[in-house]
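Single-structure report; data block below.
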Amino acid sequence: FLHKICESIADELYSAECFRKLSDYFTAEGRESLLNYAQEEVEHAEKLTGIYQTLSMEEPTYVLREVKAIDDVLIFLIEYLSEEESSIFLYESLYQFTDDEHYKAIFKAIKEQEESHFAKINELISYYKEENRRHI
């Protein structure tokens, strides 16, 4: 359980960086939304860090993955979509695993935000697919 929490912290920080990098390719509202998602991912990492520290009385240790350069926004979005889908499954699993109501509430809230991110990424993929069709 603690190992999965550490992995989740690293994944959330990775996701935050993905959203920050993606924001460079958008203007105004799109950029603001992506930066808000990045902040939500950081907040998820902070909540998970709190759970880890409470349960272990130690600081979590994890390895941060480097975000690849974005050569093609559509391909990046499609590849990143699986990260969000995996997160949804993970938080549902963590929710089911624990009996602690406080932790359940945290995992449920994070899962719901990840579902929102998943939906937004799907919208962005649809938008980019449509844009590509117009230019062919």
Side-chain angles (χ1 to χ4, degrees):
F1 185 75
L2 289 174
H3 177 72
K4 278 297 177 196
I5 297 292
C6 279
E7 283 182 2
S8 299
I9 294 166
D11 289 346
E12 294 294 338
L13 295 173
Y14 172 81
S15 293
E17 188 57 27
C18 286
F19 282 127
R20 281 188 207 102
K21 280 199 176 200
L22 272 170
S23 74
D24 292 339
Y25 295 86
F26 292 83
T27 58
E29 184 182 332
R31 174 176 282 152
E32 185 177 330
S33 291
L34 291 166
L35 291 174
N36 284 337
Y37 296 154
Q39 183 57 39
E40 288 174 356
E41 301 288 13
V42 169
E43 290 168 6
H44 297 168
E46 291 168 351
K47 288 176 184 174
L48 294 167
T49 297
I51 292 171
Y52 185 90
Q53 289 171 328
T54 299
L55 293 174
S56 71
M57 304 304 285
E58 298 176 3
E59 289 293 320
T61 57
Y62 46 84
V63 176
L64 289 176
R65 291 181 288 157
E66 184 179 342
V67 178
K68 301 183 301 185
I70 300 176
D71 297 324
D72 182 315
V73 173
L74 179 58
I75 297 300
F76 186 88
L77 287 167
I78 291 169
E79 290 174 350
Y80 181 71
L81 189 65
S82 67
E83 297 280 340
E84 288 296 323
E85 187 174 39
S86 175
S87 292
I88 293 166
F89 176 78
L90 171 68
Y91 292 115
E92 177 62 30
S93 298
L94 291 172
Y95 175 90
Q96 297 296 332
F97 181 80
T98 187
D99 292 326
D100 184 292
E101 291 303 319
H102 177 69
Y103 297 157
K104 277 187 174 294
I106 291 171
F107 296 141
K108 182 178 185 234
I110 293 174
K111 177 186 170 246
E112 289 170 354
Q113 284 187 320
E114 298 296 355
E115 288 170 334
S116 172
H117 298 169
F118 183 84
K120 183 60 176 178
I121 291 167
N122 267 318
E123 287 176 24
L124 293 172
I125 288 170
S126 294
Y127 169 79
Y128 267 90
K129 281 179 165 178
E130 186 59 34
E131 283 299 306
N132 284 339
R133 276 189 214 125
R134 286 187 198 148
H135 293 100
I136 295 177

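Excluded from the calculations below are hydrogen atoms, water molecules and symmetry mates; all remaining heavy atoms, backbone and side chain alike, are included.
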Can you tell which of Q113, E112, H117 makes a side-chain contact (heavy atoms from CB on, under 4.5 Å) with E115?
E112
Would you call E7 and K4 a salt bridge, using N to O less than 4.0 angstrom?
yes
With the threshold set at 4.0 Å, does a side-chain nitrogen-carboxylate oxygen contact exist between D99 and K104?
no
In this structure, OG of S33 is separated from CZ of R31 (nearest 0.5 Å) by 12.0 Å
Is the number of heavy atoms from other residues, nucleotides or ligands under 6.0 Å of E29 CD greater than 12?
no
Could you give the distance from CD1 (I5) to OH (Y103), rounded to the nearest 0.5 Å?
9.0 Å
Any salt bridge linking E123 with K120? Criterion: basic side-chain nitrogen under 4.0 Å from a carboxylate oxygen.
yes
What's the spacing between I106 CD1 and Y91 OH if we round to 0.5 Å?
11.0 Å
Basic-acidic side-chain contact under 4.0 Å: K21, E17
no
Apply side-chain hydrogen bond (donor to acceptor under 3.5 Å, both in side chains) to residues S8 and Y62 and explain how you reach the verdict.
CA-CA 9 Å; S8 299; Y62 46 84; over 6 Å; no
Measuring from atom CG of L77 to atom OH of Y25, what distance do you get when rounded to the nearest 0.5 angstrom?
11.0 Å
Are E59 and Q53 linked by a side-chain donor-acceptor pair shorter than 3.5 Å?
yes
At what distance, to the nearest 0.5 angstrom, does SG of C18 lie from CG of L13?
11.0 Å
Is a side-chain donor-acceptor pair under 3.5 Å present for Y37 with S116?
no
Side-chain ion pair, K47 and E12, N-O less than 4.0 Å:
no
CZ (F1) with more than 12 external heavy atoms under 6.0 Å
yes
